[in-house]
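Every number for a ligand or one of its atoms is a count from 1 in the order of the listing.
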Amino acid sequence: MAITKRYTGLIENYRSRLPVSAATRIISLGEGNTPLIQLLNIPALIGKEVEIYVKYEGLNPTGSFKDRGMTMAVTKAVEDGSRAIICASTGNTSASAAAYAVRAGIKAFVLIPEGKIALGKLAQTLMYGAKIIQIRGNFDDGMALVKQVAEHAPVTIVNSINPFRLEGQKTAAFEIVDELGAAPDYHCLPVGNAGNITAYWKGYSEYAADSAGHPAVTDKRPVMCGYQALGASPFVQGKMVDNPETVATAIRIGHPQSWDLAWNVQKESGGWFDALGDEQILLAQKMLAQHEGIFCEPASAASLAGLLVDLESGKIPAGSRIVCTLTGNGLKDPDTAIGQCRDTHPVSIEASLDAVKKAILDSM
Ligand code: AN7
């Protein structure tokens, strides 16, 4: 029997809107096409009449939105004859680069801050077999080194300063508009290097620009809201931060690479940046897990944490339709998750019927 409908990744899906030709060998792991899940319980819990959707990017092949950019960046690197890629990373980019390098049959070098990347991300990157270089420094130090190394060695940088990364990532906005029939009123995102917020805006803008050719699409674009962790909030402070610190290690970034691009997004969309405390971020993460059954990593929850603050203040009004991007899977960072649940630690009992009955009755 012939296969009639098979999803083969975002490049095939949005081919006409991406820089590929018929001859391009596409490096894909079936990324994109992630669920847009409407929150059913949280709006009632906070007493707000709003329509909130989460774009659950944790269901990409390596568990984060980075795969959208990586399929494009690695496809183009290979097309240009590159035999090796390199990145600095807080964890997710390294896992993604490592996987797509394997898929392409090229080498991946990743610089990560020693002791500051979540366990799941390290496990992935090790398994994919990338050359991991741990540095005694933070992401920003790693990024500076990667830029220098790439001047001297035949390696392609696949951080989001690679424009093909943003090309791939813009497809998340296409998917949202295709599904909702129009852009939402507000789009909330966690911000680290600010590549993703820039990419979404590019996607929304491209669709809006030729909405005439797209029956289901309007020229509407959302207000873009970028949220950072208080200890790593250069966009909120209006200046680079030298020693960023946050439990949300994915966004432990003080010198964002897409600084000017993101300020442009803020201005064009009429949006804003704000910062959340680590406790607020972890609370939002737990709220999603315990009230919606959606497990994202801490950095991802900054989008909901920020939205909750802006709904409470009325900055985002009742009646709005909002999309929050949940950038990474909760399984990426088991240590932080378990650490957050100490109050409900598993009970330990005898392996007997009586003991199990008692344990169940005790918690009814
Ligand atoms: C889960 O992996 O920078 O604002 O090196 O992993 O586009 O940087 C990760 C960033 C949000 C921020 N959520 O996105 C890396 C890295 C998660 C992330 C961000 C990251 P950008």
Side-chain angles (χ1 to χ4, degrees), residues 54-60 62-70 73 86-99 108 110-113 116-118 120-122 124-125 130 132 135 138-143 146 157-162 165-166 168-170 172 187-202 224-229 232-235 244 246-259 261-263 265-266 273 276 281 284-285 295-306 324-333 336:
V54 295
K55 183 70 170 157
Y56 191 39
E57 292 288 279
L59 286 192
N60 275 295
T62 77
S64 86
F65 73 98
K66 303 287 181 182
D67 296 341
R68 288 183 185 275
M70 209 56 72
I86 190 168
C87 66
S89 179
T90 56
N92 280 325
T93 301
S94 62
S96 187
V110 307
L111 269 75
I112 55 173
K116 290 293 182 180
I117 91 163
K121 304 174 188 180
L122 187 60
Q124 291 180 285
T125 311
I132 300 179
I135 59 164
N138 59 31
F139 168 86
D140 303 307
D141 301 321
M143 193 65 240
V146 161
I157 298 178
V158 294
N159 281 101
S160 54
I161 55 170
N162 179 327
R165 278 277 310 275
L166 304 191
Q169 286 170 218
K170 75 184 180 186
H187 191 120
C188 304
L189 287 148
V191 169
N193 277 306
N196 213 25
I197 196 168
T198 303
Y200 269 89
W201 184 244
K202 189 165 198 294
M224 302 296 291
C225 312
Y227 300 106
Q228 304 206 282
S233 53
F235 283 105
T246 169
V247 69
T249 53
I251 51 172
R252 188 173 170 270
I253 294 164
H255 290 240
Q257 297 300 309
S258 294
W259 181 256
L261 291 170
W263 281 113
V265 171
Q266 180 267 318
F273 296 107
L276 293 305
I281 291 173
Q285 184 198 18
F295 189 23
C296 67
E297 67 171 285
S300 308
S303 59
L304 179 70
C324 293
T325 298
L326 299 183
T327 43
N329 198 299
L331 295 171
K332 292 271 190 177
D333 190 350
T336 306

May I ask which of I251, T325, N92, D333 has a heavy atom nearer to atom 19 (C) of ligand 1 than the others do?
-> I251
Could you establish whether S160 and ligand 1 come within less than 4.0 Å of each other, counting only heavy atoms on the residue side?
-> no
Short version for K332: what comes under 4.0 Å of ligand 1, heavy atoms counted, is neither
What do we get for L189 next to ligand 1 when only non-hydrogen atoms under 4.0 Å count, side chain, backbone, both or neither?
-> neither
Test item, T198 contacting ligand 1 (heavy atom, 4.0 angstrom) | no
Kindly confirm or rule out an N or O of T93 lying under 3.5 angstrom from an N or O of ligand 1.
-> yes
Are any of the N/O atoms in S94 less than 3.5 Å from those in ligand 1?
-> no
Is there a donor-acceptor pair under 3.5 Å between the side chain of S303 and the backbone N or O of L189?
-> no
Does Q169 have a heavy atom less than 4.0 Å from any atom of ligand 1?
-> no
Taking only residues two or more places apart in sequence or in another chain, which ones pass salt bridge (Lys or Arg N to Asp or Glu O under 4.0 Å) with R68?
-> E57, E175
Roughly how far apart are K121 NZ and T62 OG1, rounded to 0.5 Å?
-> 10.0 Å
Could you tell me whether A194 approaches ligand 1 through its side chain, its backbone, both or neither, with non-hydrogen atoms closer than 4.0 Å?
-> backbone
Can you list every salt bridge (charged side-chain N to carboxylate O under 4.0 Å, His left out) pair that touches residues 247-259, not counting sequence neighbours?
-> E245-R252
Between N193 (side chain) and G195 (backbone), is there a donor-acceptor pair under 3.5 Å?
-> no
Hey, does the side chain of N138 reach the backbone of D141 with a donor-acceptor pair shorter than 3.5 angstrom?
-> yes
Could you establish whether S64 and ligand 1 come within less than 4.0 Å of each other, counting only heavy atoms on the residue side?
-> no
